[in-house]
Amino acid sequence: MDSQQQINQILQEQLRDVQLPEPISWWPLATSWWFLLSFVAVGLIFVIRAFHKYRARNAYRQHARMQIQSHYQQWQRDANTSQYLQSVNAVLKRASLHLDGSACSLSGASWLDYLQSLSQDNFSEQTTDALSQGIYHKSPEYDVIQIQQELEHWLSKHKSNPVEPAGEVKYA
């Protein structure tokens with residue numbers, strides 16, 4: 001048995017542990033993953049550009065809302081309705097530069113018709129009268145709170161086909 005033990009010992013020395021293959025690496029990525037990642041990256045770029053264009057196209061709305069709110073706060077301090085109406089009318093004229101450059105030359109009923117054509121909701125009779133005639137009166141008497149609400153609603157809901165300004169439009 002000595003020889004049998006020697007043979008077994010020699011055979012055991014020749015045995016090795018089971019060799020496992022290396023684990024599959026996640027890098028480098030398969031070609032399909034590269035296509036998916038590039039598709040997502042391009043889509044993300046388009047979404048970001050569209051968002052920036054939307055924000056730039058509608059920046060005038062936010063600026064006009066802030067100005068109208070500022071004029072309203074001024075009216076609350078000094079109760080000068082004539083000044084308020086003239087100021088908000090000027091803000092609406094500046095905002096209309098982004099929609100139609102020729103709208104700035106409108107006044108009176110044609111100005112109000114233009115504003116109302118951009119929105120499905122019409123101004124009340126009081127707001128219509130205030131913006132078309134009240135700006136010319138020395139001391140008009142209107143419900144400024146209602147006018148303020150209607151103007152804010154109009155600014156947020158009007159249809160816009162903004163005209164790309166030739167240069168940067170400066171606000172006063």
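Residue Q133 holds its CD atom at 9.5 Å from OG of S107, rounded to the nearest 0.5 Å. Going from atom OG1 of T128 over to atom CG of L112 covers 5.0 Å, rounded to the nearest 0.5 Å. How far CG of D129 is from OG of S124: 9.5 Å, rounded to the nearest 0.5 Å.
Of all heavy-atom pairs spanning A95 and A64, the tightest one is CB-CB, 4.3 Å. The two residues T81 and P140 have their closest heavy-atom pair at CB-O, 3.7 Å. Contact record, R61 with K157: NH1-N, 4.1 Å, taken as the closest heavy-atom pair.
Ring pair W75/Y84 is tilted by interplanar angle, where 30° to 60° counts as tilted.
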Checklist entry - After noting the C-alpha distance and the side-chain angles of L106 and L115, does the key distance pass the side-chain contact (heavy atoms from CB on, under 4.5 Å) rule? => result CA-CA 10 Å; L106 300 174; L115 289 178; over 6 Å; no

Checklist entry - Can L99 and H158 be said to form a side-chain contact (heavy atoms from CB on, under 4.5 Å), step by step? => result CA-CA 10 Å; L99 305 172; H158 74 276; 3.7 Å; yes

Checklist entry - How far apart are the C-alpha atoms of L151 and V91, what are their side-chain angles, what is the distance that settles it, and do they pass the side-chain contact (heavy atoms from CB on, under 4.5 Å) test? => result CA-CA 10 Å; L151 293 179; V91 170; over 6 Å; no

Next on the checklist: Go through it in stages, so that I can follow the logic: the residues are H153 and D121, the test is side-chain contact (heavy atoms from CB on, under 4.5 Å), and I'd like the CA-CA distance, side-chain angles, deciding distance and then a yes or no.
Outcome noted: CA-CA 9 Å; H153 179 75; D121 302 327; 2.5 Å; yes

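Within 6.0 Å of atom CG in L15, more than 12 heavy atoms from other residues, nucleotides or ligands are found, so the atom counts as buried in its surroundings.
Partner of T127 under the side-chain contact (heavy atoms from CB on, under 4.5 Å) criterion, chosen from Q149, E150, Q148: E150. Partner Q69 forms a side-chain contact (heavy atoms from CB on, under 4.5 Å) with one of Q73, Q67, R65, M66 and no other, that one being Q73.
A continuous path of hydrophobic side-chain contacts links W26 to L37 [ILVMFWY only; heavy atoms under 4.5 Å]. Under the 4.5 Å side-chain heavy-atom criterion for Ile, Leu, Val, Met, Phe, Trp and Tyr, F35 and L29 are members of distinct hydrophobic clusters.
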